[in-house]
Amino acid sequence: MCEVMSQQTQMSRVVPYWQDWMRAWPDAAALAQASTAEVITAWGRLGYPRRALRLKECAVQVRDRFDNQLPHTYEELVSLPGIGDYTASAMLSFAYGQRVPVLDTNIRRVLTRAFAGVESHGGATKPEDRQLAEAVLPQGAEQAAVWNQATMELGALVCTAKSPACQDCPLAGVCAFLAAGRPGLGQGRTRPRQRFQGTDRQVRGLILAALRELPAGESLGQADIDQLWPDAAQLGSCLASLDEDGLIEIEPGGGAHLPR
Ligand code: SF4
């Protein structure tokens, strides 16, 4: 659950939500029983709320296919809703102590720079990223898990995308990228920081926040919905996309409610 919540949300924001979820639904069977409205409400302002639906679908499958226990193989994990390569690898390494390379953006950047001597270009994970991560991963499972965590942390705090603090880096003495004069530094930042104000994400968040605040089972009327955002066309398309995603249900009379 924690890995899914932290996929696109800062860890400091995730912690209180994760604690609440674990109190409410301590295992997959409990989460599988929760209503869709309950999980959307509990997701709060974590963002990208479709993840909440995937978690519930995942819980149903863990309960039904795996006797309420998360599986311990890569193939079984990635067969579950909402679990991709990164999440499966992180669970195998961090939770189960298996020797598995974990590849997130930060780890790929550190490894590509330090061992291949070139700037990391982001995008989808390539076979050569995987080969490099496997080649440099310590042989012992315990050391491999520490390595994954340390490399991830190094990428987040020291070997950052735009301004790596090479003077503070424990790899400075062996880093091929630093030795080469850091060629093309920063050119790997292919994804500009997304603005939020005025986006559909903001409007969808406003709609969901208004619905979450209602007493359980109640609806928001059309007039109240119209007050949420001045651009009626954008508001309408966001309502439709939330309905399509299964996050809300639009009523025939124009109101909306969380799925029942
Ligand atoms: S020396 Fe600089 S470029 Fe190399 S891994 Fe450390 S922070 Fe990154």
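- Using a 4.5 Å cut-off between side-chain heavy atoms of Ile, Leu, Val, Met, Phe, Trp and Tyr, with links allowed through other members, V4 and L103 fall into different hydrophobic clusters.
- Clustering ILVMFWY residues whenever any of their side-chain heavy atoms sit less than 4.5 angstrom apart, transitively, puts L258 in the very cluster that holds L228.
- We find the OG-CD distance between S93 and Q149 to be 6.5 Å, quoted to the nearest 0.5 Å.
- Judged by distance alone, with hydrogens and angles left aside, the side-chain atoms of N148 form a donor-acceptor pair with the main-chain N or O of A144 at under 3.5 Å.
- When the side chains of ILVMFWY residues are joined at heavy-atom separations under 4.5 Å, either directly or via intervening members, V100 and V146 end up in two distinct hydrophobic clusters.
- Atoms CZ and CD1, on R204 and I248 in that order, are 9.0 Å from each other to the nearest 0.5 Å.
- Among all heavy-atom pairs drawn from Q234 and G198, the shortest one is NE2-O, 3.0 Å.
- Remark: side-chain polar atoms of R182 are not paired, donor with acceptor, to backbone N or O of C166 under 3.5 angstrom.
- Once rounded to the nearest 0.5 Å, the distance linking CG of L211 with CG of L220 reads 5.5 Å.
- Under the 4.5 Å side-chain heavy-atom criterion for grouping Ile, Leu, Val, Met, Phe, Trp and Tyr, L154 is not connected to L132 through any hydrophobic cluster.
- Not a single donor-acceptor pair under 3.5 Å links the side chain of R113 to the backbone N or O of F177.
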_H72 and Q98: CA distance, side-chain angles, deciding distance, side chain to side chain contact (heavy atoms under 4.5 Å, CB included) verdict_ = CA-CA 9 Å; H72 285 214; Q98 296 183 26; 4.1 Å; yes

*Mind running side chain to side chain contact (heavy atoms under 4.5 Å, CB included) on R130 and D85 for me, showing each step along the way?*
CA-CA 11 Å; R130 219 170 277 288; D85 170 73; 3.2 Å; yes

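- In terms of modelled atom types and a separation under 3.5 Å, the side chain of E119 and the main chain of G186 share a donor-acceptor contact.
- Considering only heavy atoms from C-beta on, S241 stays 4.5 Å or farther from D200 through its side chain.
- You'll find the side chain of Q197 stays beyond 4.5 Å of the side chain of R195, heavy atoms only.
- In the hydrophobic clustering of ILVMFWY residues, with side-chain heavy atoms under 4.5 Å counting as a link, I225 and L214 come out together.
- For the pair Y86/T125, no side-chain contact is recorded, criterion being any heavy-atom separation below 4.5 Å from C-beta on.
- In this structure, CH2 on W229 lies 9.5 Å from CG on L235, to the nearest 0.5 angstrom.
- With rounding to the nearest 0.5 angstrom, the CG atom of L77 is 6.5 Å from the CD1 atom of I83.
- Under the side-chain contact (heavy atoms from CB on, under 4.5 Å) rule, L80 has a single partner from V60, L70, L55, T87, which is L70.
- Nearest heavy-atom pair, N68 versus A28, reported as atom, atom and distance to 0.1 Å: OD1-CB, 3.2 Å.
- Formation of a donor-acceptor pair under 3.5 Å by the K56 side chain with backbone atoms of A34 is found in this model.
- Between A37 and P259, the shortest heavy-atom distance links the atoms CB-O, 3.2 Å.
- A161 and P164 make their closest contact through O-CD, 4.5 Å (heavy atoms, listed as atom of the first residue, atom of the second, distance).
- Checking side-chain atoms of D104 against main-chain N and O of N106 turns up a donor-acceptor pair under 3.5 Å.
- The minimum heavy-atom distance linking G44 with Y17 is given by the pair CA-CE2, 3.7 Å.
- In this structure, Q33 and E38 have side chains that are not in contact, with every pair of non-hydrogen atoms separated by 4.5 Å or more.
- With rounding to the nearest 0.5 angstrom, the CZ atom of R212 is 7.0 Å from the OG1 atom of T41.
- E134 has its side chain within reach of R99: a pair of non-hydrogen atoms, C-beta onward, lies under 4.5 Å apart.
- Remark: side-chain polar atoms of R109 are paired, donor with acceptor, to backbone N or O of C159 under 3.5 angstrom.
- Within the cation-pi definition used here (under 6.0 Å to the ring centroid, within 45° of the axis), R201 qualifies as a partner of Y48.
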